[in-house]
Amino acid sequence: MAQDASNTQRTSTRSPEDMPTSFGFTTVGEGQKQALVDDVFHKVADRYDVMNDLMSAGMHRVWKDAMVSVLAPPKSGARPWKLLDVAGGTGDIATRVVEKSGRTAKAVVCDINESMLGVGKDRAAKAGLSDLITFSQGNAEELPFPDKTFDAYTIAFGIRNVPDIPKALREARRVLKRGGRFLCLEFSEVDTPMLDKVYDAFSFNAIPAMGKMVTGDGEPYRYLVESIRKFPRQERFAEMIREAGFEQVTFRNYSGGIAALHSGWKL
């Protein structure tokens, strides 16, 4: 069964047009994807870090640290600086950014999933960051914030779960101030010979099995593996960011393309 899934991946077009009705390798009806994705994250919210550890063999922590270093939030506190972290309900990126700024920056975490937000609120309170990190339930496609509100927008391992990615990218640009930066960290297409085959075998065979062992349910992990293989390739996603109106768009691969960090500016 896992081998069949891998074959499906190799023939996948990774077309952005497929994303609104693509729930992993399953095609669903228009408007059905969001509820199915929400259910996945309700199931894994309490084990979100475990999930990312399984998906990345622990490397997600290194990639997230690298993302925050690239963002380089100001440390002086000379002027107010605010981050919007989308689909980051557990507060993972927001916490890193606030700490990197010497606790001078503020962050808003926006996530559509209430269970994920609950985990993030608890973690922020325990870390003494409730005054610096706030949590808002909202959809990446229709952000509940005014135009030109934030200095930076981040989204880590969340954009591929958004049904209408172009709309979410336009929303990201809308809420950024002029001169604001967009950063997206996402699992991507491996570009290293042999590593792609090893990664496929690990993903389709090991990850769902480990997910079932750890959480009692392997299906959410199967969807997450499949969703990576449906996400547009690095170059095409960079084009989508440009099409949304961002400038100076670049990307860098991490770990042979297992993940990629995309950057754009609102100029």
Side-chain angles (χ1 to χ4, degrees), residues 16 19-20 63-89 91-101 104-112 132-188 231-254 259-267:
M19 296 301 288
W63 301 331
K64 288 173 180 175
D65 286 342
M67 178 187 195
V68 174
S69 292
V70 169
L71 180 60
K75 297 181 179 180
S76 67
R79 67 173 181 85
W81 190 93
K82 184 179 285 188
L83 165 76
L84 176 63
D85 183 47
V86 175
D92 206 8
I93 295 298
T95 298
R96 282 174 163 81
V97 170
V98 168
E99 295 290 10
K100 184 80 170 178
S101 76
T104 63
K106 291 189 176 182
V108 176
V109 176
C110 182
D111 199 301
I112 199 169
L132 298 174
I133 304 176
T134 57
F135 294 81
S136 174
Q137 188 167 10
N139 191 326
E141 298 174 11
E142 296 179 357
L143 293 170
F145 309 107
D147 297 357
K148 303 176 183 177
T149 300
F150 299 97
D151 298 281
Y153 174 117
T154 56
I155 181 167
F157 306 119
I159 195 76
R160 74 182 190 280
N161 297 310
V162 176
D164 192 337
I165 293 174
K167 188 174 182 181
L169 292 173
R170 292 193 297 271
E171 276 290 272
R173 188 179 184 280
R174 179 185 68 79
V175 300
L176 279 172
K177 298 175 183 177
R178 189 162 298 280
R181 192 171 195 182
F182 168 87
L183 283 178
C184 175
L185 179 64
E186 188 53 86
F187 290 109
S188 202
F231 187 69
R233 293 176 175 86
Q234 289 91 319
E235 293 82 1
R236 180 65 186 100
F237 185 54
E239 287 178 14
M240 293 170 70
I241 297 170
R242 292 187 192 97
E243 289 164 1
F246 287 100
E247 299 182 49
Q248 297 183 14
V249 175
T250 60
F251 71 86
R252 63 183 72 184
N253 284 336
Y254 294 142
L261 178 65
H262 289 261
S263 171
W265 296 84
K266 180 179 178 178
L267 301 177

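Since we're looking at a predicted model, the values are computed, not measured. Position 1 is the first residue of the sequence, and the numbers go up from there.
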Which heavy-atom pair separates [X] from [Y] by the least distance, and what is that distance?
X	Y	answer
Met67	Leu261	CG-CD1, 3.7 Å
Cys110	Pro144	SG-CD, 4.2 Å
Val175	Tyr153	CG2-CD1, 4.3 Å
Phe135	Gly89	CE2-O, 3.5 Å
Leu176	Asp151	CD2-C, 3.9 Å
Ala238	Phe251	CB-CD2, 4.2 Å

Keeping [X] on the side-chain end and [Y] on the backbone end, is there a donor-acceptor pair under 3.5 Å?
X	Y	answer
Gln137	Ile112	yes
Arg181	Trp265	no
Asp85	Val109	no

With a sphere of 6.0 Å drawn around [atom1] of [X], does it hold more than 12 non-hydrogen atoms of other residues, nucleotides or ligands?
X	atom1	value
Lys266	NZ	yes
Lys177	NZ	yes
Arg242	CZ	yes

Using 0.5 Å steps for rounding, measure from the [atom1] atom of [X] to the [atom2] atom of [Y].
X	Y	atom1	atom2	answer
Trp81	Ser76	CH2	OG	11.5 Å
Ser263	Arg252	OG	CZ	8.0 Å
Lys100	Ser69	NZ	OG	4.0 Å
Leu84	Thr149	CG	OG1	9.0 Å
Ile159	Phe237	CD1	CZ	5.0 Å
Arg178	Leu267	CZ	CG	8.0 Å

Would you list the atom pairs, donor with acceptor, under 3.5 Å between side chains in residues 164-174 and any protein atom, with sequence neighbours excluded?
unit_1	atom_1	unit_2	atom_2	d
Asp164	OD1	Lys167	N	3.2
Lys167	NZ	Glu142	OE2	3.3
Glu171	OE1	Leu143	N	2.7
Glu171	OE1	Arg174	NH2	3.0
Glu171	OE2	Arg174	NE	2.7
Arg173	NE	Gly245	O	3.0
Arg174	NH1	Phe145	O	2.8
Arg174	NH1	Asp147	OD1	2.7
Arg174	NH2	Leu143	O	3.1
Arg174	NH2	Phe145	O	3.0

- Task: For a side-chain hydrogen bond (donor to acceptor under 3.5 Å, both in side chains) with Ser188, tell me which candidate from Arg160, His262, Gln234 qualifies.
- Result: Gln234

- Given side chains that start at C-beta, do those of Phe157 and Leu185 come closer than 4.5 Å, heavy atoms only? yes

- Taking side chain as C-beta onward, heavy atoms only, is Thr104 less than 4.5 Å from Pro74? no

- Query: Quick one: do Glu243 and Arg236 make a salt bridge, cutoff under 4.0 Å?
  - Reply: yes

- Message: Tell me whether the rings of Phe187 and Trp63 are parallel (<30°), tilted (30 to 60°) or perpendicular (>60°).
- Response: perpendicular

